[in-house]
Amino acid sequence: MEVTLSVIKADVGGYVGHSSSHPDVLQKARECMERAKKQGLLIDYYVTACGDDAQLIMTHQKGEDDEQIHKLAWDTFVECTKVAKKLKLHGAGQDLLADAFSGNVRGMGPGVAEMQFEERKAETVVIFMADKTASGAWNLPLYKIFADPFNTIGLVIASNMHSGFIFEVEDVLEAKKIKFNAPEEIYDMLVFLGSPSRYAITKVFHKESGEIAASCSTQRLALIAGRYVGKDDPVCIVRSQSKFPAVGEMLEPFASPNIVQGWMRGSHHGPLMPVSFHDARATRFDGPPRVIAAGFQLAKGKLIGANDLFDDPAFDEARHQANLIADFLRRMGPFEPHRLPLEQMEYSNTPEVVKRLAPRFQSV
Ligand code: F6R
Ligand code: MG
Ligand code: MG
């Protein structure tokens, strides 16, 4: 059976500040999803939040970029915004950048990750959702999951993934994409993946079968809006087990937190902390950036789950290390590399200051 898994997310209001989502907003989203399920548009859905981002996880048979599904997500966020406005939540409707829906939510603010596939005998999927970070945050973990044998032993000893994976990478500034074969082209590929502020993995494919393995949201809010309106807070769907990396191989990169962009005012680097659903709240210095992992088995498109995969003491040490990294970076205050490089602060007020003071600079 062919199934499409769509994850569409938006920040439609924070509670309190930009730290988390209000239960009434999520309840409204569930009502809209339930209606669509009863009408037969959706097979199933799961609504959750990561920080101040509402997450709509939907299964259906309409394929990717379907107008009805995207309209459902848009209309749901509009309904949620009404609730957020009534409660005067902070930044109500902040990610809805268009006045009206027109065909596809891509380019309208919400983040989208979708994939269509033939459901296997046992279809394991993991959905990663992050807050206070930019699209591109998945580059390092996805590289480890699908190309690093020190992370994924299956690449070495499982014959069904021994030939490797294909990575599709997008240049988010120039809206171009390229495919790389791993492991053959990893040195070329890392030139780009290592620069996640510009290049982001969009999809990963199993090389031998051509089947979809991972799909990420790469929408850049600042590029769409032309100014800073909030961080992208990307999502990523990954298929797991058999010819794809095991659940444990998927989660392993998060055991040693990497440093991502997006903390406080979208202008700082911070550690990406793997947390349980309950702890997906951006409190300290509006962060630090968080990631949750929702595991599901699919049964004829029904979402069996979610299993809260980082709700596990095995990730306590990662959280501890993330806190140490956070302390260390915070000591630097407004200095790089805690703060983003000046040329990447174009959506803050720094260009105004630079422009105002330009006449006072004298040649040396
Ligand atoms: C939002 C974020 C926050 C805000 C900060 C200021 O995703 O990361 O750090 O940038 O709280 O928010 P405003 O400008 O809404 O007062
Ligand atoms: Mg917000
Ligand atoms: Mg957010």
Side-chain angles (χ1 to χ4, degrees), residues 7-26 29 47-57 73 77 80-81 83-85 87-97 105 108-113 127-138 197 216-236 259-275 277 279-292 294 326 329-330 333-334 338-340 344-350 352:
V7 184
I8 307 188
K9 48 81 41 184
D11 176 353
V12 289
Y15 165 66
V16 295
H18 290 278
S19 65
S20 61
S21 303
H22 194 280
D24 291 1
V25 170
L26 301 180
V47 172
T48 188
C50 182
D52 56 3
D53 292 85
Q55 310 278 348
L56 311 178
I57 299 170
F77 291 135
C80 292
T81 298
V83 177
K85 283 194 171 148
L87 299 173
K88 288 188 71 176
L89 300 184
H90 189 64
Q94 76 163 48
D95 284 0
L96 304 187
L97 301 177
V105 289
M108 297 174 70
V112 186
I127 299 170
F128 293 103
M129 295 160 261
D131 190 34
K132 308 298 179 243
T133 188
S135 65
W138 308 124
S197 58
C216 309
S217 64
T218 54
Q219 288 74 30
R220 277 292 161 101
L221 269 177
L223 295 178
I224 297 168
R227 70 199 147 85
Y228 180 72
V229 283
K231 219 51 200 173
D232 315 326
D233 302 336
V235 291
C236 170
I259 294 175
V260 296
Q261 288 191 356
W263 197 0
M264 182 50 89
R265 295 175 187 277
S267 302
H268 293 79
H269 286 110
L272 185 62
M273 184 187 274
V275 292
F277 296 173
D279 289 330
R281 302 180 310 125
T283 51
R284 181 183 176 188
F285 199 53
D286 285 0
R290 315 261 163 148
V291 56
I292 58 173
L329 288 171
R330 283 298 302 124
H338 180 30
R339 201 193 70 185
L340 298 193
Q344 287 180 29
M345 301 278 288
E346 58 196 303
Y347 295 107
S348 69
N349 75 342
T350 48
E352 285 162 40

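Remember, it's 1-based here, ligands and their atoms both numbered in the order they're listed.
Taking backbone and side chain together, Asp53 holds no N, O or S atom under 2.8 Å from the Mg ion (ligand 2). The nearest N, O or S atom of His18 is closer to the Mg ion (ligand 2) than 2.8 Å. The distance from the Mg ion (ligand 3) to the nearest N/O/S atom of Asp11 is not under 2.8 Å.
Between His268 and His338, the two ring planes are tilted [angle within 30° to 60°].
Inter-residue side-chain proximity for Lys132 and Asp52 is flagged as met; some heavy-atom pair is nearer than 4.5 Å.
For the atom pair CZ (Arg284) and CE (Met273), the distance works out to 8.5 Å, reported to the nearest 0.5 Å.
Scanning the protein heavy atoms around atom 7 (O) of ligand 1, the nearest turns out to be Lys132 NZ, 3.5 Å. For atom 2 (C) of ligand 1, the closest non-hydrogen atom of the protein is Tyr228 OH, 3.9 Å.
When each atom of ligand 1 is checked for a heavy atom of Asp286 under 4.0 Å away, the hits are 3 (C), 4 (C), 5 (C), 9 (O), 11 (O).
Rounded to 10 degrees, the OD1-metal-OD2 angle spanning Asp52 and Asp233 at the Mg ion (ligand 3) equals 180°.
Ligand 1 is never approached by Gln94 to a heavy-atom distance shorter than 4.0 Å.
The closest approach of Asp131 to the Mg ion (ligand 3), by N/O/S atoms, is made by OD1.
The closest heavy-atom contact to atom 1 (C) of ligand 1, among the options His18, His90, Arg265, Met264, comes from His18.
Side-chain atoms of Gln55 never come within 3.5 Å of backbone atoms of Val7 as a donor-acceptor pair (strictly under, hydrogens ignored).
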